[in-house]
Structure formats: structure tokens, C-alpha cells
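Report on one structure; see the data block that follows.
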Amino acid sequence: MPSTPAIDQLLEGLNQPQRDAVTHPEGPLLVLAGAGSGKTRVLTHRIAWLVHTERARAGEILAITFTNKAAQEMRERVELLLGRSTRAMWVMTFHAACARILRAEAPRLGYTRQYTIYDQADARRLVKRCLDDINADSKRFTPAAVLNQISDAKNRLRSAEDLGQMVGGYFEQTVAECYRLYESELIRMNAMDFDDLLMRTVNVLELFPEVRARYAAAFRHVLVDEYQDTNHAQYRLLQLIAAEHRNLLVVGDEDQSVYSFRGADIQNILGFQDDFPEATTIRLEQNYRSTQVILDAANAVISRNRGRLGKTLWTDLGEGDPIRIRELEDEYAEGRYVVGEIDRLVDEGVSLSEIVCFYRTNAMSRVLEDTLTRREIPYQVVGGTKFYERAVVKDAIAYLTTLTNPQDAISFARCVNVPKRGIGQTSLAKVRTHADTVGISIWDAAADPGAVPGLGTAAVRALERFMTTMAGLREKVRDGVPVGDLLEAVLHETGYVEALEAERTFEAQGNLEILEQLVEVGREFDARAAGAEGDTLDLFLQQVALVADADTRQDDEGLVTLMTLHNAKGLEYPIVFMVGLEEGVFPHSRALDEGGLEEERRLCYVGITRAMRELTMTFARRRNVFGAATPGLPSRFLAEIPPDLVDEDSRPSSAGPAMRATTWSSSQSSGSAGASTGGAVDYRMGDDVVHPAFGDGVVTGTESGGIVVVRFAKDGSERKLMAEYAPLAKR
DNA sequence: CGTAAATGTTTTTTT
DNA sequence: AACATTTACG
């Protein structure tokens, strides 16, 4: 029997709970998977098992992952297990699945199949325009903040009307008004933002029962990874699709929920048993990744959180090395320390690809990058300025978008005068107004520039030339020219490449190389999509719009990896550095303001549990924030790690107080922490002081850890300074 | 209309 | 400090 050994193979090496999850017969299943407990294995083996035992055909499986990269990896692993293609399987992110459903169903909502997907920058630009249109006070209503509010509403499946009807003050009503206009603008331009992809899919499924029935029947088995990070729209989507077969398998860990700012609702995983009373729950608590010391530290930190389902990780990998905590002078010393350690590790035979450095915010990567570059250590940054967010790439994409979606005024505006063609803001505004008044698309208005009132003859001629070029390119789109060739044609016929070449700068050269990469991406897409139907350009644009920075990570390269803690989820590295463990940085001050301490702690838990063998955490006494030196105290998370797990000796920074890992939490209460610095001055409320940068001030308070609060006369600002280190003097 | 200077904004995290 | 947007001027 050929099937028996294969099934054995599928279950081989799995522990009992993993095996139970993989062979779960039918019905809802909740897998609470601690960090490093092999949840990806469970998911891949489960899918393979379903197909292999003919409980589902490939096309009946919908598997949701958090990133495109994870989807791709999952697909590859399932293919390896099954030994056959998984093309019919839906293995993708929520957003990609929704985009795909909407490509088929969006016409029911008044969109065309060629709808544009706006990224956050596009969306913000549009919100800004809407705010201007409704004359909102630009001081109180920043586009980013309002877009956040709109995004929150959409993630809760609330329409602009819903929001307007809810009682609320002036602020809420203005947001609702902006939302209403923003929404009608999106529809007019045949565009959706990221949140729309989810909400519109839910709309389609709710409004058209026959559509819902079709997808609900099609997906016999639905599997969801990182369930703790789903928001309400995603939750509702799963209910609509999975309520029938009830074969919903969700895998998650409430301790790793770190996306509440994106609307993720931890209640989704905490309440799964209430939603599906017949659900089975399986816990995976054996960790196959980290040493016991690392797990003990992680367990100790996360145990401070409330409202957990509760689980304790264990391993049989042995104790391992203690966690190293290091105090550095500033972020440069921190960078030098980390890079020095990397050097040492490399000498010991460690591969660069085994090393990762995590930080709280993207901006913190720069110092590390500089230091690595100086020491000539190759590295990769995951996140930061993403390929598809580079201005040149967005320009090129805007051209393609304009060609396929002529209603998209944002993309049109982006490319119409790049390179410079003499069609500036004033002319563009006239065209736009004309289009709005007559009720035609911006493309149609521009196609007949003579009819636009008040447009100068030079602008008319420029527009005519531009539109002739674009019309020619549109012919190519109609003829089904491959994406790679089309991109090439666009870049040359519009004069884009020539303009860059004429610049003759180092930067322009780099941009040209980036564009070559983009053309290459197009060609690769063509190669893979060969034989598909005619509208490959739309598919390409859809795919490009949903690429995330986490997807750009490379493995098996001789590169050190740098990334934010948020990007770290789901990954593991033998050697982990966590930098910037300072109050205000991590936990981030803004998160603290919003009551997000527990989420910050979960983020810390995620970081710690990425480490397999060695974990080093650093903090700096001084850090430049917004270009100004800011004193820092060790993060409270450091004090939450039991002292006996920490290596306390060999402080790299000779200067400064000899704070021990075990003592900094207690020493914070004494006014002059650390003691050993000479000349520590006691400040009292009301003392007149002077600061070289901020000028004269008066002490308005003192806080634990040797912090004085000073109000400065010059700008009336109140600042917290560390009495010991700040260049502050009594008068 | 385009350039350069001034001004404002940003840094929390992302599909 | 870095970058985007707005303003002033040629």
C-alpha cells in the first residue's frame, strides 16, 4: 500500500499534541501554539494530511498566513510533503485572498476588475485632499491621524454613515465627514485602500448570499495562522466563509499579539471557544528552538501580563548560556558593541546569516547600518524604505496604473509631470476641476485639453503630447504586451529614463538600477504567468501592491539581518541582539500613553523567544531622538528578567556608574543612582538652573532614577533630564 | 512654471 | 536629523 508509509512519514517526528492537531478529523480546532513549538509544521503537515487522505482536494483549502513570504514557504513545504503541485490551493495573506475574490466580485459593488489598490502613502494623500475640501483645521486634523481613525472604523466594518450616526464630539463628526468624502472619492477613482480589501469582501459576501454560498462551499477547510492578530473584519470574513463546513483551524498565541494598532482584537482568539462551542483546543508547549535560560526569561517577562490563556514553555535542549545585558554610553557605542560582538562571533566560526539584530523603531537601524558598513560587514535590513515605496518605482507603477485605470486621479497626478513636461500644479488643478464639473474622468478631461477652461496654450500642447504617448502605450496594453516589455516601453517612451540619465548624478544612477530591477520583476512575472488570460497587467499591479517588506527577507546569504521587533514574528535565529532597551524607547513612550504596556511586553516576549542559543540585550544612557540628546533609563523589561539568568560581568563601558543587572530596578528609587559619578548635585523644586542648549530654567519636580523636571524660560518647554549626565548647573 | 529657501512634520509598530 | 510640503521669487 503506497499510502501507509506516506502517512507515517507525515506524522513522523511529531509529538503527541502536534499529531492530534494534524489528524483532527472534522470541526473547529484551536491550536494554542507557544513560540517555537512547531506550529508551522502542524499547519503544513495538516494540509498535506488532508489532501493525502482525500479529506480535501487542493482547491478546497484556504490557508491564511501573515506575510506573502510565509505563504510561499508554506506552499513549498506542503509541496515537498505531498510531492505534487499545490497551485489550486489558496495559500496567501488575508489581503491577497480578498484582492483575488474582489477581482471577480468587485463589479457587484460598482468597481471594475481593474480597481487600483492604494498603499498608505496614496491613501494619506487622498485624505489630505479631503480634509482640505471640507476645510478642516489642518492643525487639529492631520492626514495621518484621520486616516488612522478611518482605518480603525473600516477594520470594525463601520461605514462613514455608521460613524456619523454614532454620538461623538466635533472631532468625531469631522472625521466622519472626511471619511464620507474619502470613500466617495475612492469609489469615483475605482480605488481601494488596504482596509477596503477586507471590508469590501465582507460587503460582497453579506450582500450577495449566492456569492457567499459559493465561497463557503468551495473552501471545505480553512486554516489561519497568527490568529491572535486578526481584526474584526477578518474575523467576520472567516465566519462568513467557514460557518458552513465548520472546518476552521486557527493557530495562534495570545502572548504574541502585537498588532492592536492595526485593529487586531485579541478577543478573537480568547473567545474562539465561545464562537465555536464544539471546538477542540490543543496546546503546544514544548519548545524546539531555545535554551531553557532563554525560555525562563521569556516566561518571567510575559507572566506579568493579565488576561492570558496561560501556558508555560519548556524545552529539553538544556540550560544554555546566560542572557547578556550591556549598558552603553550612547547609540553609537551600542552599535560598536554589537558590531564588535558580531566580529568576535564570526571569528568563532558563526555565519552572519545566523545573527539578527532587533530594534523597536525603523529609525534605529541607521546607526547600526553605518557601523556595519564601516566595518565592511554585509547586512540586510528588513523593512525601512521598501523597494515598492521608492519614488522611482512608485512613478513607474503610477504610469501602469494610469494606463489600466483611467479613473485614478492620484496616479495620473503622480506621473503627468514626471519627468517635467510643463504641466504644473496649476494646470493640473484646472484639468481636475474641469473633470469634476463635467463629471468625466481625469483621463478623459486631459484627452481633450482644449475644452479645459483657462488652460494656457503651452499647457494644452504639453498635455496633448503626453496623452498621445499614453494613448500609444495603452494600445500596447490592449494588445497584451508582456509586463516587462510594457514597463520598458513606458520608461523610455515617456522620457523617464532619459531624464534620469541626463541628471548624471550618483543618485540618478542608483535609481536607474532600481528601475532595471523593476523591469526584471516584470519579466519574472511574465515568465510565471505565461499562458494566463489577457489581463496580466492587472494581476501584476495587484500583486505588487500587496508586497510587504517582510517578504523581501533572504535566507542562506552571508548577511547579518536587521529588523524591527514587529517583523521578527515567526522567525528564529541562533544569535539575537535586542538594542534600545530603554524606557520610552522600548516600551515606547507613545505606547505607554495609550495604555499599551502589555502589548509592548508581548513584543519583548516575541523578541526574546526568537533566540535559539544566545541573547544579548543592550541599552544606552543617552540617545539622539529628533536630533536632540535624550537621557535614557534601562527598560523595565530588563528588570523583569530573573537576575540568575543574566551574565552581569565584563561591562564594556568603563565610564559611568557600575550598575549591575540585579540592582538597577532597586537603585531607581534613590536620587543619585549608581553613586560613583563625582559631583552629583541634589536638585530641589524651585532651584534656578542653566543648561547650555535650553538656557535658563527652574526645577519643577524630581523623579526616581535621578531625573529632574525643568521648565525652561526660553520656550516654556518642560523637559526631563538626568541630573547626573545632563549638562545642567545650579545658579 | 520651476527652483530654492523656509517651514512643517516625523518616529511606533504594518497588510 | 531627515524628509516632505509650502512659500517666495525669478
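This one's a predicted model, so the numbers in the text were calculated from it and none came from an experiment. Chain naming here is simple, since letters A, B, ... match the order of the sequence lines and numbering starts at 1 in each.
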### Task
Examine Arg602(A) relative to Tyr605(A) and say whether NZ or CZ is less than 6.0 Å from the centre of the six-membered ring and inside a 45° cone about the ring axis.
no
### Query
For dT14(B), does either OP1 or OP2 sit under 4.0 Å from a side-chain N or O belonging to Thr564(A)?
yes
#### Entry: Interatomic distance, Arg366(A) CZ vs dT12(B) C1' [rounded to whole Å]
18 Å
### Query
Hey, does Gln120(A) reach any base, or is it just sugar-phosphate, or nothing, if we go heavy atoms under 4.0 Å?
base
### Task
Report the distance from atom CZ of Arg100(A) to atom C1' of dT15(B), rounded to the nearest whole Å.
18 Å
### Query
Among Tyr359(A), Phe261(A), Phe66(A), Phe586(A), which residue meets the ring-ring contact (aromatic ring centres under 6.0 Å, His included) test with His566(A)?
Phe261(A)
### Task
Counting heavy atoms from C-beta on, name the nucleotide in dT10(B), dC1(B), dT14(B) closest to the side chain of Thr142(A).
dT10(B)
### Task
Let me know, please, whether Ala459(A) or Thr361(A) comes out on the 5' side of the other along DNA chain B by nearest nucleotide.
Ala459(A)
### Message
Measuring to OP1 and OP2 of dT15(B), would you say a side-chain N or O of Asn68(A) lies under 4.0 angstrom away?
### Response
no
### Given dT14(B), dT15(B), dT11(B), the nucleotide with the shortest approach to the side chain of Arg590(A)
dT11(B)
### Query
Between dT13(B) atom C1' and Arg601(A) atom CZ, what is the distance in whole Å?
18 Å
### Query
With no hydrogens and no angle check, is any side-chain donor or acceptor of Asn417(A) less than 3.5 Å from a backbone partner on Ile423(A)?
yes
### Task
Would you indicate what Phe586(A) reaches in the nucleic acid, counting non-hydrogen atoms under 4.0 angstrom: base, sugar-phosphate, or nothing?
nothing
### Task
Nearest whole angstrom, please: distance from the P of dT15(B) to the CD of Gln72(A).
15 Å
### Message
Using whole Å, what does the distance between atom C1' of nucleotide dT15(B) and atom CG of Leu237(A) come to?
### Response
14 Å
#### Entry: Whole angstrom value for the distance that separates C1' of dT14(B) from CG of Leu565(A)
14 Å
### Message
Pick the closest DNA chain B nucleotide for Leu603(A) and for Ser427(A) by heavy atoms, then say which residue is nearer the 5' end.
### Response
Ser427(A)
### Message
Roughly how many Å apart are dT11(B) and dT15(B), using the P atom of each and rounding to a whole number?
### Response
15 Å
### Task
Report yes if a side-chain nitrogen or oxygen of Asn362(A) is closer than 4.0 Å to either non-bridging phosphate oxygen (OP1 or OP2) of dT14(B); otherwise report no.
yes
### Task
Pick base, sugar-phosphate or nothing for Glu594(A), based on heavy-atom distances below 4.0 Å to the nucleic acid.
base
### Task
Give the rounded distance in Å between these two atoms: CD of Glu600(A) and P of dT12(B).
11 Å
### Task
Compare all side-chain heavy atoms of Glu640(A) with those of Arg601(A) and state whether any distance is below 4.5 angstrom.
yes
### Message
Measure CG/Leu597(A) against C1'/dT13(B) and give the value in whole Å, please.
### Response
15 Å
#### Entry: From dT15(B), dT12(B), dC1(B), nucleotide with atom closest to His95(A) side chain
dT15(B)
### Query
Checking side chain to side chain donor-acceptor pair (under 3.5 Å) against Tyr118(A), which of Asp196(A), Asp408(A), Asp193(A) comes through?
Asp408(A)
### Query
Do His588(A) side-chain and dT12(B) base share a donor-acceptor contact under 3.5 Å?
no
### Query
Is the distance from OP1 or OP2 of dG2(B) to the nearest side-chain N or O of Asn417(A) less than 4.0 Å?
yes
### Heavy-atom side-chain proximity of Met578(A) to Met617(A) below 4.5 angstrom
yes
### Task
Ignoring the backbone of Lys128(A), work out which of dT14(B), dT10(B), dT6(C) is nearest its side chain.
dT6(C)
### Query
Taking the C1' atom of each, how far is dT12(B) from dT5(C), in whole Å?
23 Å
### Message
Stacking between Phe261(A) and dT13(B), defined as ring centres under 5.5 angstrom apart with planes under 30°, is that present or not?
### Response
yes
